[in-house]
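This report refers to the structure that appears directly beneath it.
A note on names: the letters A, B, ... follow the listed sequences, proteins ahead of strands, and every chain is numbered from 1.
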There are 2 protein chains.
Amino acid sequence: MTNLDKRKYEELARISKALAHATRLYIIHKLDEQEYCVKELTELVGADISTVSKHLTILKNAGIILDEKRGNCVYYKLQCRCVLAMFGCLTNVIDSNKNKMNAM
Amino acid sequence: MTNLDKRKYEELARISKALAHATRLYIIHKLDEQEYCVKELTELVGADISTVSKHLTILKNAGIILDEKRGNCVYYKLQCRCVLAMFGCLTNVIDSNKNKMNAM
DNA sequence: ACACTATTTGGCGATTTGACCAAATAGGCA
DNA sequence: TGCCTATTTGGTCAAATCGCCAAATAGTGT
């Protein structure tokens, strides 16, 4: 793997790692429906608010979501809806696995 | 997050985690071009063969690649090319980030 | 059976990740 | 200013991940 390749795939992995968590995928899914503040997401997720805040930071750093402070709250929304295609991809793999299973 | 949701997003995360590594993404990319045995991939990747073997196991367990023993070697290939769409998705996010940057 | 090659597995140390708690920070409002 | 709510940050601990080495396994050919 050349150095150039290495950088390229580490960049891809950086985004990919940000997606590699059930809670973060769930948050993305919810933010696709509407924007939410941290407190609201915390209730939806059902974890400590500091935990949710950290997940949001990870997604933000990956450029997947955006934050906007309004009044007392920080609202998050999807930065680019192209991540939603990821769900389709992941689901395809899962379905494809199931089909392979059934075909046995 | 309901129990059903939880199961669903953990399943998605399971696949997503398998992709969350530069070397594994690189392997997928190479296997898109042609099939390779472990030894060949090891040379391409430039890591210990046991390390590469473990990466391959992770990808196999996620249903992303398939192995086939022929002669002395185990050849790996993509199980479903739908994972390739994932590269497009990840690249979109990265490009989208860059565009947002430039627009500032 | 023996030697040789390819691959996987087990185990270890190092690093990263994830969850919670507690404390710090930031804004709004009385 | 002081209080209250929302959010982030720092710290700690447990668990997961990663990479290598060494050993085990599997198959080929002599």
Would you check if B:I65 and B:K60 make a side-chain contact, meaning some heavy-atom pair closer than 4.5 Å?
yes
Rounded off to whole Å, could you give me the OH-to-P distance for the A:Y75 and D:dT8 pair?
13 Å
Carboxylate-amine/guanidinium contact A:K39 A:E43, below 4.0 Å:
yes
A:E10 has an atom CD; how far is it from atom P of C:dT16, in whole Å?
12 Å
In whole Å, what is the span from the CD1 atom of A:I58 to the C1' atom of C:dA19?
12 Å
Interface polar pairs with nucleotides 12-17 of chain D, N/O, under 3.5 angstrom:
none

When the distance from CG of B:D67 to P of C:dT9 is rounded to whole Å, what number comes out?
10 Å
When the ring planes of B:Y9 and A:Y26 are compared, do they come out parallel, tilted or perpendicular, using 30° and 60° as the limits?
perpendicular
What is the separation between atom NE2 on A:H55 and atom P on D:dT8, rounded to the nearest whole Å?
13 Å
Checking D:dA26, D:dC18, D:dT7 against the side chain of B:K69 (C-beta onward), the nearest is D:dA26
Mind checking if A:Y76 touches a base, just sugar-phosphate, or nothing, with heavy atoms under 4.0 Å?
sugar-phosphate
Give me the residues of residues 38-50 of chain A where at least one heavy atom lies under 4.0 Å from an atom of DNA chain D, by number, or none.
A:V38, A:K39, A:I49, A:S50
I want to confirm an ordering. Mapping B:V52 and A:T51 to their closest nucleotides on DNA chain C, which one lands closer to the 5' end?
B:V52
Which label fits A:H55 and A:H21: parallel for a plane angle under 30°, tilted from 30 to 60°, or perpendicular past 60°?
tilted
Would you say the side chain of A:Y75 lies within less than 4.5 Å of the side chain of A:E40, judging by non-hydrogen atoms?
yes
Interatomic distance where CD1 belongs to A:I27 and C1' belongs to D:dT7 [whole Å]:
14 Å
Looking at A:S53, does any N or O in its side chain come under 4.0 Å of the phosphate oxygens OP1/OP2 on D:dT8?
yes
Quick check for you: to the nearest 0.5 Å, what is the distance between B:D67 atom CG and B:L59 atom CG?
11.5 Å
Does A:R14 pair with A:E11 as a salt bridge, N-O distance under 4.0 Å?
yes
Which value, rounded to the nearest 0.5 Å, describes the distance between B:L19 atom CG and B:F87 atom CZ?
8.0 Å
Nearest-neighbour nucleotide for the A:N72 side chain, C:dA19, D:dG19, D:dT5 considered:
D:dT5
Between CD1 of A:I65 and C1' of D:dT8 the distance, given in whole Å, is 14 Å
Tell me the interatomic distance from A:L59, atom CG, to D:dT7, atom P, rounded to whole angstroms.
16 Å
Under 4.0 Å between a Lys/Arg side-chain N and an Asp/Glu carboxylate O for A:E33 and A:K30?
yes
